[in-house]
Amino acid sequence: MKDVKIIATGFAVPEHVVTNDDLSKILDTSDEWIVKRTGIKRRHISQNENTSDLATRVAKTLLSQSNVRTQDIDLIVVATMTPDNMTPATAAIVQGRIAAEKAVCFDISAACSGFSYAISLARSMMLTNNWRHAIVIGAEVLSKLLDWTDRSTAVLFGDGAGGVLLSQSNATHLLGQSLKTYGNKGDQLIAGHLDVSYDILKNKKKLSAFTMNGQEIYRFATHEVPRSILKACSNAQIELDQINYFLLHQANSRIITQVAKKLNQPLSKFGVNIDEYGNTAAASEAILLAEIIQKNRIKPGEIIALSGFGGGLTTATLIIKY
Ligand code: UT7
């Protein structure tokens with residue numbers, strides 16, 4: 001085996017849609033502000049499905065789209081910052097539900113870069129262990145972690161999951177990558193902090209809601225994402241112009257426009273679906289990839305730059321020959 005290739009893609013989102021107008025009824029915000037500043041028009045918010053439910057729907061779609069038998073899956077990785085539980089891992093819940101008995105399963109936490117990190121990691125494990133098939137999913141129910149009275153974060157996020165089925169290949173598909181972490185900037189985006197509480201009788205265990213220095217993350221993204229893409233291209237030994245599609249984490253349509261401008265690439269090469277789903281963190285690149293492949297917009301042999309950025313802080317770009 002030389003490499004791994006994407007043989008199926010899929011996504012799942014909750015049915016319930018919350019529009020900007022819906023939010024303007026409970027928050028001091030407006031459709032005009034949200035669309036102009038972010039590009040978001042709607043988001044799908046879970047009413048009863050947890051992260052593992054969405055991830056399981058994705059896993060079933062991936063299997064139904066391929067000839068791979070469930071019992072032949074060697075690995076399941078779920079990238080998420082909103083797991084159902086601290087333990088068991090979301091990936092283990094998925095494994096139990098689809099009965100992929102052989103699969104090694106765990107979650108990874110790299111926020112909005114999680115999906116790219118997870119593909120990179122799954123590929124390495126497949127190559128090292130000579131594993132044939134892996135399911136990699138990005139899944140989030142971010143609505144669990146939102147403070148619905150905070151307009152600066154509540155309007156930005158949505159729930160959803162997406163994923164890929166990776167299989168062994170004799171051709172090269174991951175042409176190059178660049179993964180980076182900026183732990184010194186980690187406090188700019190925090191969600192789900194759990195305080196140490198020695199006072200055993202108080203028994204209060206509450207996760208903190210999402211907080212973010214939006215302007216700082218915006219600056220970080222518009223500065224570091226172009227660098228990450230350029231570095232990955234250089235590692236892949238390809239020119240930027242050879243990339244057919246740039247699939248960036250969907251955090252803000254203005255970030256996508258800025259990155260396109262900085263790279264001097266036409267905006268038409270950049271996938272955008274933030275209008276429909278909002279920011280779905282680890283799920284966003286996976287949903288975008290699945291949607292675009294479903295629409296037959298990416299042909300075999302074309303080159304994709306998959307680029308995530310966010311909490312950690314982190315960046316992650318994979319250059320993939322589809
Ligand atoms: O996936 C993780 C990575 N996250 C990101 O990449 C997010 C990056 N950051 C951003 O996308 C943008 O910074 C935001 C969309 C979060 C905010 O946009 P902004 O243009 O940076 O707005 P701002 O924070 O500078 O706020 C401008 C104004 C403020 O009012 P004043 O002080 O000018 O009177 C805010 O209070 O907009 C106000 N504001 C709102 N107004 C209506 C903030 N949120 C809202 C809102 N509705 N929802």
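For ligands, and for the atoms within them, numbers begin at 1 and follow the listed sequence.
Salt bridge status for Arg132 with Asp74: absent, with no side-chain N to carboxylate O gap under 4.0 Å.
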As a test of reading the model: which N/O atoms of the protein lie under 3.5 Å from N/O atoms of ligand 1, and at what distance?
unit_1, atom_1, unit_2, atom_2, d
ligand 1, 1 (O), His249, NE2, 2.8
ligand 1, 1 (O), Asn279, ND2, 2.6
ligand 1, 9 (N), Gly214, O, 2.9
ligand 1, 11 (O), Asn252, ND2, 2.7
ligand 1, 13 (O), Gly214, O, 3.2
ligand 1, 20 (O), Arg37, NH1, 2.9
ligand 1, 20 (O), Arg254, NH2, 3.0
ligand 1, 22 (O), Arg37, NH1, 3.4
ligand 1, 25 (O), Gln215, NE2, 2.5
ligand 1, 36 (O), Arg151, NH2, 2.9
ligand 1, 37 (O), Trp33, NE1, 3.2
ligand 1, 41 (N), Trp33, NE1, 3.4
ligand 1, 41 (N), Arg151, NH1, 3.4
ligand 1, 47 (N), Thr29, OG1, 2.6
ligand 1, 48 (N), Thr29, OG1, 3.1
ligand 1, 48 (N), Arg151, O, 3.0

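Not a single donor-acceptor pair under 3.5 Å links the side chain of Thr51 to the backbone N or O of Glu140. For Ser284 (side chain) and Thr280 (main-chain N/O), no donor-acceptor pair under 3.5 Å exists by modelled atom type.
Contact check for Trp148 versus Leu23: side-chain heavy atoms found under the 4.5 Å cut-off. Put simply, the side chain of Gln95 does not reach to within 4.5 Å of the side chain of Val104, judged on heavy atoms. A 4.5 Å side-chain heavy-atom check between Lys299 and Tyr322 finds every atom pair outside the cut-off.
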